[in-house]
2 protein chains.
Amino acid sequence: MRSISSPTRLTVAVDLAILTVIDGAMRVLLLRRPDDDVPGWAMPGGVVDAERGLDETVQQVLVAKTGVRDAHFEQLATYGAVNRDPRGRVISVAYLALCPHDRLEGAVAAGADQMLAHLHTTWPGEQGGPARLTDAAGQPLSMAFDHADILGDLVRRLRGKLDYSLIAFGLLHRRFTLRDVQTVHEAILGHPLAKPAFRRKLLSRGLLKATGDYAPAGAHRPAELYELLEEK
Amino acid sequence: MRSISSPTRLTVAVDLAILTVIDGAMRVLLLRRPDDDVPGWAMPGGVVDAERGLDETVQQVLVAKTGVRDAHFEQLATYGAVNRDPRGRVISVAYLALCPHDRLEGAVAAGADQMLAHLHTTWPGEQGGPARLTDAAGQPLSMAFDHADILGDLVRRLRGKLDYSLIAFGLLHRRFTLRDVQTVHEAILGHPLAKPAFRRKLLSRGLLKATGDYAPAGAHRPAELYELLEEK
DNA sequence: CCAAAAGTGTTGCCGTTACACCCATGT
DNA sequence: ACATGGGTGTAACGGCAACACTTTTGG
């Protein structure tokens, strides 16, 4: 029964997987806890207080940790195992937040206490298992709590939603080339895609609008810039 | 920040959408609160205490409300709007539990305080909006909290996972006919499916094993019984 | 003229759909 | 015999993958 008279009360936190794609690889913002109370790297998070909704708390953490205001985010799942936090019982609602890489690189500096870690997945498709995190040099990072498992779930969710939702576009700017979209898809799926097929499937979804402008290119033909056409 | 020293603590509950399919229609177990503190019908739920994990709490509620021990369940999403419960702040982790209809009909009796309500969805596919709940006579039920919204999300999730997961089989017995599976799919999707196509797609997934036994039938050819072949 | 990446056309395969048909059973 | 629902065959359609090809730029 849900008796409010003498309820058990628990600490509820949100944990954010702030994700981006840099040079065709997934990256996620990790922090090392300032007062080394729990060893290892962890996703940024914050406790949910009585006056704030979940989304509001997420927004607040996002701005505090990255300065980014308008990132797209969505809920992933909630983790409530009794011993997931060695310091005490914490129910954690995990969120995914997406951001183009330069927005993040401007706001967070890699250092001893924070970094944009590389997020690898050994398994293909939507199989199980935790994610593997490494630093810029490719050295494995030891993760606090169950955060490696959460990040594994995250990648599976991303892969599943990739081609029927708009998540991929959360990792891009307002205007982008078709190649940019393909790079993001390949980074998330972990394998290369055929260019003509990808192109046609993407355009056939009827989501994009050609702008007529072209991205400045190097020694090759410039690519046309597209936008999401927003239908309300 | 996640300070454990003086944390805000909140009431955390699990709410269960205990779902079944009866006569080709989705049904969900709803309760009317005994001490009419909140008007309307609600999903069964329970407060999460300090010693129990989320899944454990779900299992406990499930057995308490239905007597069913081995139902398949999975997490849906977490709802934490500040005013979703008029009595105070409650974070609610919604779960989906699946059960063959006769297991439920045996354990719960329709009455003034509990019923297997009809779950309708006006919208097709995976569009938005709350679910519509009615009683056996087709009269709309007024729902407590945000439970109509949660049940809307539930149906969308079910529809999305229907043909790449095993959820449909949670609504069936160990042995079933192909027609049974089709009925479940049609109930969830809300529209009829072509028999030959459904049959072939289902068998081509390579999940089923023909038993060689046949279901007792009426005035027509008996249908073969199939089982899930469990691959570990 | 060459390299590099954008972008298109063509072909063949394969899964799905629609429709017609056969099979087994009770009345 | 026939009504009823289980189960199968077949041909047309449409989407997708592979591959070869053309286009546009900088050097």
Side-chain angles (χ1 to χ4, degrees), chain A residues 21-24 124-125 159-160 162-165 168-169 172-173 175-227, chain B residues 21-25 124-125 159-160 162-165 168-169 172-173 175-228:
Chain A
V21 170
I22 302 179
D23 294 334
R159 288 181 179 170
L162 204 50
D163 38 277
Y164 76 91
S165 76
F169 301 100
L172 299 168
H173 291 106
R175 311 177 118 207
F176 45 81
T177 68
L178 298 186
R179 191 66 180 83
D180 292 337
V181 187
Q182 185 174 344
T183 301
V184 163
H185 278 243
E186 289 175 336
I188 293 172
L189 293 174
H191 63 80
L193 295 169
K195 181 178 57 167
F198 182 79
R199 229 182 135 65
R200 277 190 278 254
K201 189 160 55 176
L202 187 54
L203 290 174
S204 75
R205 290 178 66 185
L207 298 170
L208 301 188
K209 186 177 60 189
T211 61
D213 294 341
Y214 292 82
H220 56 82
R221 176 172 173 177
E224 185 161 14
L225 290 167
Y226 286 78
E227 288 177 359
Chain B
V21 170
I22 303 179
D23 294 334
R159 288 181 180 171
L162 203 50
D163 39 276
Y164 76 92
S165 76
F169 301 101
L172 298 168
H173 291 105
R175 311 178 117 205
F176 46 81
T177 68
L178 298 186
R179 191 67 181 81
D180 292 337
V181 186
Q182 186 173 343
T183 301
V184 163
H185 278 243
E186 288 174 337
I188 292 172
L189 293 174
H191 63 79
L193 296 169
K195 181 178 55 166
F198 182 79
R199 228 184 137 63
R200 278 190 277 253
K201 189 159 54 177
L202 186 55
L203 290 174
S204 74
R205 289 178 64 186
L207 299 169
L208 302 188
K209 184 177 60 189
T211 62
D213 294 340
Y214 290 83
H220 56 83
R221 176 174 172 176
E224 185 160 16
L225 291 168
Y226 286 78
E227 289 177 358
L228 270 180

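Throughout, a chain's letter reflects where its sequence line sits, starting with A, and its residues are numbered from 1. The structure displayed is predicted, hence computed values, not measured ones.
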Whether B:E227 side chain and B:A210 backbone form a donor-acceptor pair below 3.5 Å
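No.
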A:L225 backbone acceptor or donor facing A:T211 side chain under 3.5 Å:
yes
Which part of the nucleic acid, if any, lies within contact of B:A194, taking any heavy atom under 4.0 Å across all strands shown: a base, the sugar-phosphate backbone alone, or nothing?
nothing
How would you label the contact of B:A223 with the nucleic acid (heavy atoms, under 4.0 Å): base, sugar-phosphate, or nothing?
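B:A223: backbone/sugar contact only, no base atoms under 4.0 Å.
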Starting from [atom2] on [N], measure out to [atom1] on [X] and report it in whole angstrom.
X      : N      : atom1 : atom2 : result
B:Y214 : C:dC23 : OH    : C1'   : 11 Å
B:R221 : C:dT27 : CZ    : P     : 18 Å
A:F198 : D:dA18 : CZ    : C1'   : 17 Å
A:L202 : C:dG7  : CG    : P     : 12 Å
A:K195 : C:dG9  : NZ    : P     : 14 Å
B:R199 : C:dC23 : CZ    : C1'   : 12 Å
B:L208 : D:dG7  : CG    : P     : 12 Å
A:Q182 : C:dA5  : CD    : C1'   : 12 Å

Given [options], identify the nucleotide with an atom nearest to the side chain of [X].
X      : options               : result
B:P222 : C:dT25, D:dG7, D:dT24 : C:dT25
A:P196 : C:dA24, D:dT8, C:dG9  : C:dG9
A:R179 : C:dA6, D:dT25, D:dG7  : C:dA6
B:R200 : C:dA18, C:dT10, C:dA6 : C:dA18
B:H220 : D:dG7, D:dG5, C:dG7   : D:dG5

For DNA chain D, whose closest nucleotide is more 5', that of B:Y226 or that of A:S204?
B:Y226
Is there a donor in the side chain of A:D180 and an acceptor in the side chain of A:T183, or the other way round, less than 3.5 Å apart?
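No, because no side-chain N or O of A:D180 sits under 3.5 Å from a partner of the opposite role on A:T183.
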Which heavy atom of B:R175 sits nearest to which heavy atom of B:D213, and what is that distance?
NH1-OD2, 2.9 Å
Please give me the minimum heavy-atom distance between A:R199 and A:L178, naming the atom from each residue.
NH1-CD1, 3.1 Å
